[in-house]
A.B. asks: 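Dumping the structure here so I can ask a few things about it.
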Amino acid sequence: MTRDHEASRRSSRLLTADPRTRELFLTTLGRLILLYFAPLLLLAVFFHLQYRKLVEDSLRAHLLVIAEHQAHTFDLFLRERLVNLANLVDDPRFPYRQPTPEALEEFLVRLQQASDAFVDLGVVSWHGDLVAYAGPVHYATPVNYQYEDWFRQLLEADQTWVITEIYLGFRDQPHFTLAVRRGEGQEAFILRSALSPERLADFLANLEGAQEVHAAIVNPRGILQVATPRVGRVLQPSPFTPPREPPKGFVERHGKTDGPSYAYAWLSQTPWALIVTSALPSEARAGLLPRDRFFWGTVVVFLLMGIVILVRTRQVVGKQIAQEEHEAQLSGQLVQAAKLASVGELAAGIAHEINNPLAIIAEEVGLLKDSLDPELAQEGEVPPDLVEHLDAIHDAVFRCRDITRKLLTFVRQTEVRLELHRIEDILNDVLDVMLGNELNISNVQVIRQYDPSVPPLLTDRNQLIQVFVNLVKNAIDAMPGGGTLTVTTACNDRRVIISVRDTGIGMTKEQMEKVFLPFFTTKEPGKGTGLGLSVSYSIIQNFGGAFYVDSAPGKGSVFTVEL
Ligand code: ADP
């Protein structure tokens, strides 16, 4: 099985059972999601917006192209109609001196062959009288155009042609008038023809691109001249009046936020503008944006990423758990190693301790032997101080047993065993039994300042002994010429505080920063291992306590344990 497999198996096993693993799993998952998803989401939104803008821009450009193109074609159409009329009037056979309806009829047919938009044909004198007419309208009374705008434009403004806006006129029906003047003053006469709005609308409806748009032609006052039914009806106000400048353009969401957008282009032949709006329903326009494809694409990518992240999280958590287990194992080994190192040093002290009672035993046994010697004692007589000697031997043996037992419990114990202990008892054992002799030899005076209100602690006696043996031994080493060791206990806000202060050589700031690191030692080889404080630190941490140091060179040190 690969390491990754092993890691994820471990994480899935622990995920169900261990709240710490679950928490680790969730935080790692959260971090990975943030790390992978957040940039991806931002990118997805960014590209979506960019793409949307691109599509909208191209839709807009497309509408504008249609508007321009249609305006141009419509211009051409009007120009052609003018040319048709002008050709007629310039025809030498045209009977402008004595025009008759019959003669005009013939020319009207010619006109209508050119375009079915022409409705009729009439000749108007310079007085404005309609002198001859061919077409579908029957005028009951004579018609005079002298007050009509288009007539005045032709004669007074000296124009040779005119195209009117749509109006009702004498016939009372919407139509456009196309008129051409020939001659000056009294010689002048005018040829006019009406253009059918329906035919113009048909023409508009059949222009290129017409199926994509609703189109209309409006005058500068916004009155519809030609319109497809979806935009409105002729002579009615247009839903949109384009600005004069620029001569062509696009107006987004006209009127309201969800209103239609219009493209427009002004004609050159007449002061009209052609306007178009998209004929595609807004859903269809939205369909141009690949919303569905984009959405599902994003969902698939996110799902895949989700799976990858889940697998990765399980691997990471598995590895971390394995690492922690490994560290815990190492730390256990370190504690054991430090213990063995201490045992070596302790052994010397113990040997010394045991030497005394053993010497006593040896002496007492010698005395006993002497008193039982038949040459020295009288037969049948029990030596008078036999009980005393036996008591001394008994005491010495018990002392030896006590010392060895403590040594063995210290060495053997590996599991944490929590029991209620008085902290003073533990400290006294360290100061009197374990290191009492060493303190004496090193000329260290011990001051105990125990706070009687400190309650018994639920703790592991052996591990605490290991910590304090370490602290006291370090203090002894720091006071080579002797000094004072002050051991204090205090109670503060449910915490028990034990401090071990010496009047030794102290430490520099740099040393203080390193004392809790494994293998940091300033002692000569063979004397220090550099493990004592680091192991003590991990023991106190395991108890949920705090362990810190304060010191200055030459001023001694104080180590404080908070439990
Ligand atoms: P070791 O005693 O084997 O060197 P420790 O981890 O117990 O390992 O101590 C690390 C180092 O911390 C010591 O070598 C010494 O330099 C410094 N130190 C520890 N206690 C004291 C103290 N009471 N006074 C001065 N220095 C100390």
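All residue numbers refer to positions in the sequence shown, counting from 1. Numbering of ligands and ligand atoms starts at 1, following listing order.
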A.B. asks: Please report whether ligand 1 has a polar contact with Ser534, defined as an N or O pair separated by less than 3.5 Å (distance criterion only).
C.D. replies: no
A.B. asks: Please test Val549 against Phe516 for side chain to side chain contact (heavy atoms under 4.5 Å, CB included), starting from the C-alpha separation and ending with a verdict.
C.D. replies: CA-CA 9 Å; Val549 60; Phe516 295 116; 4.1 Å; yes
A.B. asks: Report yes or no: does Gly504 have a heavy atom closer than 4.0 Å to ligand 1?
C.D. replies: no
A.B. asks: Just by distance, no angles: are the side chains of Thr560 and Ser499 close enough, under 3.5 Å, to form a donor-acceptor pair?
C.D. replies: no
A.B. asks: Between Thr503 and Thr484, is there a donor-acceptor pair closer than 3.5 Å when you use the side chain of the first and the backbone of the second?
C.D. replies: yes
A.B. asks: List every atom of ligand 1 that sits less than 4.0 Å from any heavy atom of Gly532, numbering the atoms from 1 in the order shown and giving each element.
C.D. replies: 5 (P), 6 (O), 7 (O), 8 (O)
A.B. asks: Could you check whether any heavy atom of Gln511 sits closer than 4.0 Å to an atom of ligand 1, since that is the contact criterion I want to use?
C.D. replies: no
A.B. asks: As a check for students: among Arg501, Lys523, Glu524, identify the option with a heavy atom nearest to atom 2 (O) of ligand 1.
C.D. replies: Lys523
A.B. asks: For ligand 1, which atoms, with element, lie under 4.0 Å from some heavy atom of Gly506?
C.D. replies: 25 (C)
A.B. asks: Near Arg31 CZ, under 6.0 Å, is it more than 12 heavy atoms from other residues, nucleotides or ligands?
C.D. replies: no
A.B. asks: Tyr548 and Glu562: side-chain donor and acceptor closer than 3.5 Å?
C.D. replies: yes
A.B. asks: Holding to ring-ring contact (aromatic ring centres under 6.0 Å, His included), I want the full list of residues that pass it with His394, two or more places apart in sequence or in another chain.
C.D. replies: Phe398
A.B. asks: Going by the order shown, which atoms of ligand 1 are within less than 4.0 Å of some heavy atom of Thr521?
C.D. replies: 1 (P), 4 (O), 14 (O)
A.B. asks: Could you tell me whether Met507 and ligand 1 have an N or O pair separated by under 3.5 Å?
C.D. replies: no
A.B. asks: Does ligand 1 have any atom that is closer than 4.0 Å to a heavy atom of Phe559?
C.D. replies: yes
A.B. asks: Give the atoms of ligand 1, by number and element, whose distance to some non-hydrogen atom of Asn470 is under 4.0 Å.
C.D. replies: 7 (O)
A.B. asks: Could you walk me through whether Asp460 and Leu464 pass side chain to side chain contact (heavy atoms under 4.5 Å, CB included), step by step?
C.D. replies: CA-CA 6 Å; Asp460 184 307; Leu464 271 194; over 6 Å; no
A.B. asks: Would you tell me which option among Val515, Asp502, Asp477, Leu471 has the nearest heavy-atom contact to atom 23 (N) of ligand 1?
C.D. replies: Asp502
A.B. asks: Side chains of residues 533-544: which donor-acceptor partners sit under 3.5 Å, not counting sequence neighbours?
C.D. replies:
| from | atom 1 | to | atom 2 | distance (Å) |
| --- | --- | --- | --- | --- |
| Ser534 | OG | Leu531 | O | 3.0 |
| Ser536 | OG | Gly532 | O | 2.7 |
| Ser538 | OG | Val535 | O | 3.0 |

